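One structure below.
Just so it is clear, the structure is predicted and the values come from calculations on it, not from any experiment. The analysis underlying the following values was restricted to heavy atoms, covering all of them including side chains, and did not include hydrogens, waters or symmetry mates.
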Amino acid sequence: MSETHTRTIQPAEAAELATRMRASRLEWLVKGRRTQLGLRQEDVAALLDLTPRAYGSWERGQVKQWTDAKLRAWGQALEMTDLQIERLFWIAAGRPPQSEAQHLSRSRPLPSGSPTASLLSDYGRMMESLSLPTFLADHRWDVKMTNRAYREVFGAVRAHPAAMPAMNFLRFGLFHPDAPAVMGDHDSWQLSMLAQLASSLEKHDQDPVLQALRRDVHGHPHLRGVYLNDMPNWILDNGTSLEHHEGPLRNSSWSSTAPEVLTCRLVAETPRALQAVGLTRITFVPVQTDALAARRHRNRTGALHRDAA
């Protein structure tokens with residue numbers, strides 16, 4: 001087997017790559033939207049009262065300072081939704097629109113002595129009662145709590161110094177050698193995870209854990225190519241959020257005979273008290289296909305006939 005060699009990325013090189021990636025993501029977003037609308041650069045430039053040359057600099061990210069007025073006008077010219085405009089802000093300026101930034105500045109962690117610890121304990125018991133794999137993670141996708149179903153799905157993976165599924169979900173899916181055995185269509189999972197990493201970095205670009213993860217991606221020949229070349233296309237078609245991603249998952253606990261591969265959707269559901277401390281609960285929910293429904297109906301019918309006999 002060939003070994004994958006990595007090299008250390010220097011901070012200056014990482015910063016340059018991050019700048020290039022931000023400009024590339026911006027160009028893919030706005031050019032893709034403009035193409036969807038059937039507009040030329042000249043058309044959008046006229047809507048923004050810009051020369052075509054100046055607008056070309058906008059699409060390439062060559063603007064000294066992005067103001068709210070510029071970005072909002074751009075989003076409106078491209079007929080973007082509020083969510084698309086928010087994403088435009090994060091990519092171009094590395095921040096949300098000003099009104100949201102002011103709202104976030106008023107958000108504070110729960111004060112000391114609050115019932116957060118008690119809430120987490122109770123919430124953990126509730127999670128253990130669930131039959132579907134679920135986990136709590138922070139904005140870095142560091143895993144803070146799991147339930148038994150989650151541990152059963154990932155319990156057979158081999159030990160790894162930095163990429164265990166109970167440590168960081170993104171790092172596990174990107175770097176653990178056993179991840180493809182659990183996650184079917186692993187390329188799709190990796191693309192979605194890299195898109196989520198890019199999105200998280202747009203909101204937390206100074207976070208050292210996310211920066212370290214990006215450096216490791218850049219130091220991995222295959223992932224670096226996917227991150228720079230394939231991932232922007234993925235974002236245009238699928239968005240950046242790993243939440244709601246659909247992908248095959250192999251889970252031995254869903255079948256009494258052999259590991260069953262089911263297409264699952266990642267569903268985020270979190271009470272406000274946990275959101276206030278930066279936590280999100282992610283659950284793997286099997287997608288109810290017609291074939292799966294028919295198979296489960298046959299299994300239930302067979303069990304009833306055996307009980308009646």
Check: Ile282 main-chain N/O paired with Thr134 side-chain donor or acceptor under 3.5 Å: yes
Aromatic plane relationship, Phe169 with Phe154 - under 30° parallel, 30 to 60° tilted, over 60° perpendicular: perpendicular
Which atom of Gly184 lies closest to which atom of Trp189, heavy atoms considered: O-CD1, 3.0 Å
Nearest heavy-atom neighbours spanning Ser24 and Pro232: OG-CG, 4.3 Å
Distance (rounded to the nearest 0.5 Å) between Leu71 CG and Gln76 CD: 11.0 Å
Reported CE-to-CD distance for the pair Met80 and Glu86, which is rounded to 0.5 angstrom: 12.5 Å
Closest heavy-atom pair and its distance - Leu136, Leu274: CD2-CD1, 4.1 Å
His220 and His222 aromatic ring geometry - parallel, tilted or perpendicular at 30°/60° bounds: perpendicular
Geometric class of the Trp66/Trp58 ring pair [parallel <30°, tilted 30-60°, perpendicular >60°]: perpendicular
Listed once per pair and sorted, the ring pair (Phe, Tyr, Trp, His ring centres under 6.0 Å) pairs that draw on residues 191-213, sequence neighbours left out: His139-His204
Minimum heavy-atom distance Thr146-Glu128, with the two atoms named: O-OE2, 3.6 Å
Heavy-atom pair of closest approach, residues Arg22 and Trp90: NH1-O, 3.0 Å
Arg214 vs Leu210, side chain to side chain contact (heavy atoms under 4.5 Å, CB included): CA-CA, chis, key distance, verdict: CA-CA 6 Å; Arg214 178 175 58 195; Leu210 293 172; over 6 Å; no
Backbone of Lys144 reached by a side-chain donor or acceptor of Asp138 within 3.5 Å: no
Euclidean distance, Ser129 OG relative to Arg148 CZ, rounded to 0.5 Å: 10.0 Å
Distance in Å, Leu130 CG paired with Met126 CE, rounded so as to fall on 0.5 Å steps: 5.5 Å
Val209 with Met167, same ILVMFWY side-chain cluster at under 4.5 Å: no
Test item: Arg87 and Leu29 side chains (from C-beta on) under 4.5 Å apart, heavy atoms: yes
Presence of salt bridge, Arg34 and Glu79, under 4.0 angstrom: no
Val143/Phe172 under side chain to side chain contact (heavy atoms under 4.5 Å, CB included): CA gap, chis, key distance, verdict: CA-CA 11 Å; Val143 177; Phe172 165 75; over 6 Å; no
Check: Tyr55 side chain, Asp43 main-chain N or O, donor-acceptor pair, under 3.5 Å: no
Side-chain (Gln84) to main-chain (Thr81) donor-acceptor, under 3.5 angstrom: yes
Glu202 side chain reached by Arg25 side chain, heavy atoms, under 4.5 Å: yes
Gln211 side, atom CD; Leu197 side, atom CG - distance, nearest 0.5 Å: 11.0 Å
Parallel, tilted or perpendicular, as decided by the 30° and 60° cut-offs, for the rings of Tyr227 and His218: perpendicular
Side chain proximity check, Val226 to Trp234, heavy atoms < 4.5 angstrom: no
Side chain to side chain, Gln190 and Leu174, heavy atoms closer than 4.5 Å: yes
Side chain to side chain, Leu223 and Phe175, heavy atoms closer than 4.5 Å: yes
Residues, nucleotides or ligands: over 12 heavy atoms within 6.0 Å of Glu42 CD: yes
Sequence neighbours excluded, every pair satisfying side-chain hydrogen bond (donor to acceptor under 3.5 Å, both in side chains) that has a member inside residues 159-179: Asp142-Asn168, Arg158-Asp178, Arg171-Asp216
Verify same cluster id: Trp74, Leu47 (apolar side-chain graph, 4.5 Å): no
Pairing residues for Gln36 by the side-chain hydrogen bond (donor to acceptor under 3.5 Å, both in side chains) criterion, not counting sequence neighbours: Arg33
Between Tyr123 and Arg281, a side-chain donor and acceptor under 3.5 Å: yes
Rounded distance (nearest 0.5 Å) linking atom OG of Ser192 with atom CG of Leu266: 7.5 Å
Heavy atoms of other groups near Asn229 CG, more than 12 under 6.0 Å: yes
Smallest separation among heavy atoms of Ile235 and Ala195, with atom names: CG1-CB, 3.9 Å
